[in-house]
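Below is one structure, written out as structure tokens; comments come after it.
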Amino acid sequence: MSLTDLEADASLPAAEEVAAAGPIQGRSPWQLAWARLRRDKAAMISLAIIVLLIVMALIAPLISKWIGYAPAFGDRKLGITEDGLPVGLNGHHPLGTDRLGRDLLVRAVYGARISLIVGLVSTALATILGVVVGAMAGYFGGVIDTVLARFMDVTLSFPYLLFAIALAAAFGASTPLTVLVITFFSWASIGRIVRGQVISIKQREFVEAARSLGAGNIRIIFIDVIPNLLAPLIVLATMTIPVAIVFESTLSFLGAGIDPRTPSWGNMLSDATETYQVAWWTLVVPAAFLLITTLAFNILGDAVRDALDPRSERLFAAQKAGRKKKK
Amino acid sequence: MIGRKSGLTAAAAIGTLALGLAACGGGSGGSSGSDDGKPKKGGILKVVGAGGQDNLDPTSAYSTVSSALQRTYSRQLFAYPASKDPKAASTPVPDVAASMPTLDNGGISKDGLTYKIQLRHGVMWNSSPAREMVAGDFVRAFKHMCNPASPVGAPNYYVPNIKGMQSYCDPFLKDKKLQQDAKGIADYENGHEISGVKALDNYTIQFDLTKPASDFISLLAMTFASAVPVEYYQYIPGSVNQFKHLVSAGPYQITSYDPNKSITMDKNPNWKADTDPLRHQYVDKIQVTEGQGSPEAVQQQLEGGTSADISLDQPVPASALGRLAAKNDPNLTVNGPPISNPYLVFNLKSPNEKKAMQNLKVRQAIEYAINKVALAKVYGGPKYNTPLNTIIPPDSVGYQDYNLYPTNGSQGDANKCKQLLSEAGYPNGLKIKAAYRQAGNHPAIFQSYAQDLQACGITVTGVPVPQADFYSQFLQKTDNTIAGKWDVAAPGWVPDWFGNNGRSVVSPLFDGRNWADGTSNYGGYDSPVTNGLIDKALEAKTVDEAANFWHQADQQIMKDAAIVPFMAQKTPWYHSSKVKGATWLPIAQQFDFTNLWLSGS
């Protein structure tokens, strides 16, 4: 694909829309991005899946009521065999049960709650913290930069799993602690990128203009610098959510996450290690939920990046084309 | 005090057993003998496992693994027969002793304080030249128990009970200079006597006790009381140097030893079948390979059958149990006597919720709440476990079936629980903290009983504790207990021996006197009635008399609701298809290497 093809690709439908709409309308970059995103089928399917997950998480109690079992309730009559084995997919338990006779479908939809809450909340906290620290470091430079940047380096060099397990052992496993741990280990990578961006933005002319007009540092950071970071931030955040979800599952899997009774995908996977050889569904159900969710967030994240920053793809494509030519 | 065999290691192994299907897999005590055919000689028995904590010194070694290995090279006055019947397999019979001393035959004096034991003639050490084992070798065994370099694992079984042993041991044990001085140890032992252990002649040994002990024969049947040859004076006890120069009196001798890596045993040419009523010399060689700590990997090798025949210390993985039982694998055995594992212990010192755990009615309410069938399913269901309602499990001395807190089908009764909670002053339920181990089946056990308690209105907060810290760093710290860091917990317990073993079960778990850090009476239960009954049982002159007192103590503890017994649990163990005639040695929690043979060799 050549450079011109790509540009034509990107601009052609817009031109059609413009023609259809009659008078020329001004479009913000956000509108353009949304238009590009909507044309990405994979992204739209991912978005639909995420919305579906959120709806499922919201109506989890209804699903639980409809199936007839609470998420932590071991059904000792129908949900477990005489020899203590899980039962497979059947009329009472649509996706089977685990070794304590708990309904896997009910646990999985409740698990979506934990995963989404932990994923979204810790990503939000990590983003806020990352932006604040990263912007301060990048904007003020000097000693502040040195101290904050080193602090980020230290955070990034922590053996995070050991640290998380130690924390859980010391303070007891709980959802808030899991969120804090994930936040603590996610903000630094965001902060680092923000710092780099801020360093380049603060040297741009409009920042100098604002300063010469007498704007203070805080105003410049919040009015001039951060809005220019939104595009990369949205991309970073969408990519951090699935990482946080997997991290939560990892922690629960290792027993350093939340109470084992709490229905979380990591807990379910951890339980499955004892049973999957005789009851495949105990492994497949949570694994499928986890896989689909993280895949959906990842594809959406990729698409959002492409949509917000079409340049990156064009440059990439151009490089690829260049390389091909050399061959 | 009971050491590692009881608490951590054994319970850890047991913790990972289970979840099993159980269509079949051999009856209690192994598969039926008839299809094993006649014993064959020859072949190499390959034993594989984690190992890594070798102690081959008979006096000090304190683990099921070392008990299993010692079966092949050390001899005791009394030992356990190979039997498919768990009761017989846990009742000691004469080994080097010529006969069993009793009150009737005068071997035990009327006051129960003196044991006179005749020795078998012709039992040979593999020394060069071959030397006969004599009464002096057993006297030396008891003197050796208090050497400061590597003393006996469980001194309390012997030191306070044998006349003159305390005064013999105290200065010896405290003499730290001797820890690196083999000659100094030999000199002390040769220069001092224990007044209560005497060789009357080469074939007669006499023990004088400070108080009667109906389980003294069981104590003599522990590997701690194995005969000690004079050669051991050349080495520092418990040193690798000693392990490399072990002197055998059993059917096998160690011919090559690489610490924590491998042990090779060949036939002992000096051993004669007619001087050993308990052991055989079927296989040519026993090859122990250590360093394999994955139950799954070991299981895979056992099923392959070329690189491993028996697991040294790795349990049958939970996942494999289901698969093996589903195909009726004849190489899977389910072995007794059963143990009470796990059980729910109440923290009787806890200040939480207006001292709820100190309220008898609350504890009794919980006794009714628990669904024992559901708990047993976590460990594979009725094939491996039966609901247990007593302190002492079946096949142990003092066991009698009774149930103070019966519920329909042992499935728990939430209403009865609620009613008792109301009477206790908690009509709106209460909140308790449950400590559980983060490994194996323990989280599942916690969740199962937590569901039962929830149904009765008791909200359970989980307190996860790493497996390695559970006993020594958590339950056994009395500060934690007093501070109410936990209200209930589900520990396990593997007794040091089976049969007449109240000294190794009821006594350490429920004697409330001298409660301190390191106790196995985790909840601080202390009842003068129970303490008195324990004393009477320990000092009974006959096993029957002891059994009666142990049963009374059992009833008192259940009346006080100090614990909730969950299940009487048997141990699944697997061997390769080549192994025939495998019998379970309860004291070693392992097959008896000296009574099995290999097919196709």
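Lettering of chains follows the sequences in order, A, B, ..., and the numbering in each one begins at 1. Fair warning: this is a prediction, and the values are worked out from it, not measured in the lab.
- In this structure, the portion of B:Gln454 lying under 4.5 Å from any heavy atom of chain A is its side chain and not its backbone.
- The environment of CZ in A:Phe151 is sparse: at most 12 heavy-atom neighbours from other residues, nucleotides or ligands sit within 6.0 Å.
- Atom CG of A:Asp259 sits about 7.0 Å away from atom CD of B:Gln447, to the nearest 0.5 Å.
- Counting heavy-atom pairs under 4.5 Å between each of B:Pro443, B:Ser448, B:Gly462 and chain A puts B:Ser448 at the top.
- For chain B, the nearby part of A:Leu100 is the side chain; its heavy atoms alone come within less than 4.5 Å.
- For A:Glu82 (side chain) and B:Gly381 (main-chain N/O), no donor-acceptor pair under 3.5 Å exists by modelled atom type.
- Heavy atoms of other residues, nucleotides or ligands lying less than 6.0 angstrom from CD of B:Gln473 number more than 12.
- One distance of note links OG1 of A:Thr81 with NZ of B:Lys377; it measures 6.5 Å at 0.5 Å rounding.
- Checking side-chain atoms of A:Arg99 against main-chain N and O of B:Ala444 turns up no donor-acceptor pair under 3.5 Å.
- With rounding to the nearest 0.5 angstrom, the CD atom of B:Gln451 is 9.0 Å from the CG atom of A:Asp75.
- For the residue pair B:Val460 and A:Arg261, the shortest heavy atom distance occurs at O-NH2, 2.7 Å.
- From B:Leu375, atom CG reaches atom CZ of A:Arg76 across 7.0 Å, with rounding to the nearest 0.5 Å.
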